[in-house]
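A short worksheet on the structure shown next.
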There are 2 protein chains.
Amino acid sequence: MATGRTHRPATRSRGIPEATVARLPLYLRALTALSERSVPTVSSEELAAAAGVNSAKLRKDFSYLGSYGTRGVGYDVEYLVYQISRELGLTQDWPVVIVGIGNLGAALANYGGFASRGFRVAALIDADPAMAGKPVAGIPVQHSDDLEKIIEDNGVSIGVIATPAGAAQPVCDRLVAAGVTSILNFAPTVLSVPDGVDVRKVDLSIELQILAFHEQRKAGEEHAAADGGGPAAATRTDSAEQGPDGDVPAVMPA
Amino acid sequence: MATGRTHRPATRSRGIPEATVARLPLYLRALTALSERSVPTVSSEELAAAAGVNSAKLRKDFSYLGSYGTRGVGYDVEYLVYQISRELGLTQDWPVVIVGIGNLGAALANYGGFASRGFRVAALIDADPAMAGKPVAGIPVQHSDDLEKIIEDNGVSIGVIATPAGAAQPVCDRLVAAGVTSILNFAPTVLSVPDGVDVRKVDLSIELQILAFHEQRKAGEEHAAADGGGPAAATRTDSAEQGPDGDVPAVMPA
DNA sequence: GATTGTGAAACGCTTCACAGCT
DNA sequence: AGCTGTGAAGCGTTTCACAATC
């Protein structure tokens, strides 16, 4: 029994808040860009602007990782890249399978951002026999009959589902049964998974609907725009938050 | 003058919390499925399970929209579908342009979830002259030289950016200059936009990195799994949250 | 008896503001 | 003088628990 916590108090893994975890990849991207330009150090202010968050939040986030900065100076770029990579588990190689090689699956297979972050597309899987053997992004597509074997042979623990909605749950079940414990779901369905499996989902249509909501509001609000006067109008909001990142990611501890 | 709030107290548009707005599409999807099966009413418990949230949250969410349920009975499915659609602005037609017709852009163009939700792909735009005229998802690709004209002619206010990272900001600037006020960004960059423009972003690699973080933790935690005994092990977590939905969407009021 | 709608408590995240270090 | 690291306050969200309603 040990601690006896049945449904986990909330997902804060070893003291790092989920909201912070969700931003680490953002910082990492900004830092990588700085690193490529051979910038040696950054202040929280500069890095925050590059990542699109505010500096107090960034400093608080980093404080959960440890004291990696130098007061009066800033953060060492290379050192931070390493620390964040390590924290995210990107110093190791993650074999990933993509199931469902339609337009989206192909796009994912071709996406450069994976390889550069420690993710390796170990296999592409599709249910269509006509696809079998056909190379996509230089990787031959394999038939879904062999899904279990592929997972086991490659030691895959992360699976990406890019199938139509109807196929997602069966595919998910097979992935999990074969040993996958993290799933990124692009199919517009709620997946049921056993305890210990994490699911994250990306739903393209949902994002558009949220935009439509705000867009609709704008149309019905032709006043605040006109009365503030002209001057401070077209200023860019460089450091504002954007997108579904100020997450409460709710990674399903399941 | 009016209220005099300069930088918006936080993005709660007309009393509906952002977190709630982000879940409305989820409820809508579940309700649509029930509607297709001709289910007349649902309880908060049932609908919550179908949407992957808990029922208290769902009831609270609906309470912001009004009192649309009947105590002792539940919610009328058709009525709720209508109310949520209206709230999200989906009863009107939203012309959308997709810029960058690579693998991802093509996948988006072919994605069925748009059309069924009031979104209409008004145009596909790409910078490659070789693509011009080529039909993708039945829509001929147009050259980006004509971007401004396309936006204006079609009255487009929502743009989707699926270009490489380097092209995203220039494309964004042109979209905004031409009148687009909501942007869904798939390029791995932070976009700067003027006030009044909303940006949401979807970053495939970030989602995987978050999964990797949790995956790494699992590997170093071989104890809670083994000692709880066998019985209650393989139970499905049907109603748990999943993915980046328990959002604080942080739609950039910009 | 069942189920909604909602105050109030609990929780986690963000922001402030400044002490502490270089 | 400059910038980090962080307690404490402020806010928004979730959850609880029960009165109101059918």
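In what follows, chains are A, B, ... by sequence order, proteins preceding strands, each numbered from 1.
In this structure, B:Asp61 atom CG and D:dT15 atom P are separated by 11 Å, rounded to whole Å. Atom CG of A:Leu80 and atom P of D:dT4 are 11 Å apart (whole Å). Per the geometry, CD1 belonging to A:Ile16 stands 15 Å off C1' belonging to C:dC13, to the nearest Å. Here the P atom of nucleotide D:dG5 and the CD atom of A:Gln83 are 12 Å apart, to the nearest Å. Across the protein-nucleic acid pair, A:Glu18 atom CD and D:dT13 atom P stand 18 Å apart, rounded to whole Å. Between the P atom of D:dG5 and the CD atom of A:Glu45 lies a distance of 14 Å, rounded to the nearest Å. What separates CZ of B:Phe62 from P of D:dT14 is a distance of 14 Å, to the nearest Å. Distance NZ (A:Lys60) to C1' (D:dA8): 9 Å, rounded to an integer number of Å.
For residues 24-51 of chain A, the pairs satisfying ring pair (Phe, Tyr, Trp, His ring centres under 6.0 Å) are A:Tyr27-A:Phe62, with sequence neighbours left out.
The closest side-chain heavy-atom distance from B:Val96 to B:Leu184 is not below 4.5 Å. Side-chain contact between B:Pro25 and B:Arg117: absent, with no pair of heavy atoms (C-beta onward) separated by less than 4.5 Å.
Under the side chain to side chain contact (heavy atoms under 4.5 Å, CB included) criterion, B:Ser55 pairs with B:Ser44, B:Glu45, B:Ala48, B:Arg59, sequence neighbours left out.
Each of D:dT13, C:dC13, C:dT4 was ranked by its minimum atom distance to the side chain of B:Ser44; first place goes to C:dT4. The listed nucleotides are C:dT6, D:dT14, C:dT3; the one nearest the side chain of B:Lys57 is D:dT14.
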Show the distances under 3.5 angstrom between N or O atoms of the protein and N or O atoms of nucleotides 17-20 of chain C.
| from | atom 1 | to | atom 2 | distance (Å) |
| --- | --- | --- | --- | --- |
| C:dG20 | N3 | A:Arg71 | NH1 | 3.1 |

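When every heavy atom of B:Gln209 is checked against every heavy atom of A:Leu88, the shortest pair comes out as OE1-CD1, 3.7 Å. The minimum heavy-atom distance between A:Glu87 and B:Phe213, with the atom names listed, is O-CD1, 3.2 Å.
Both B:Tyr68 and A:Thr70 sit near DNA chain C, but only B:Tyr68 has its closest nucleotide nearer the 5' end.
Contact annotation: A:Asn54 side-chain N/O to C:dT14 OP1/OP2 distance is not under 4.0 Å.
Nucleic acid contact class of A:Tyr75 (heavy atoms, under 4.0 Å, all strands): sugar-phosphate only.
The residues B:Glu36 and B:Arg29 are annotated as not salt-bridged, no charged nitrogen and carboxylate oxygen being separated by less than 4.0 angstrom.
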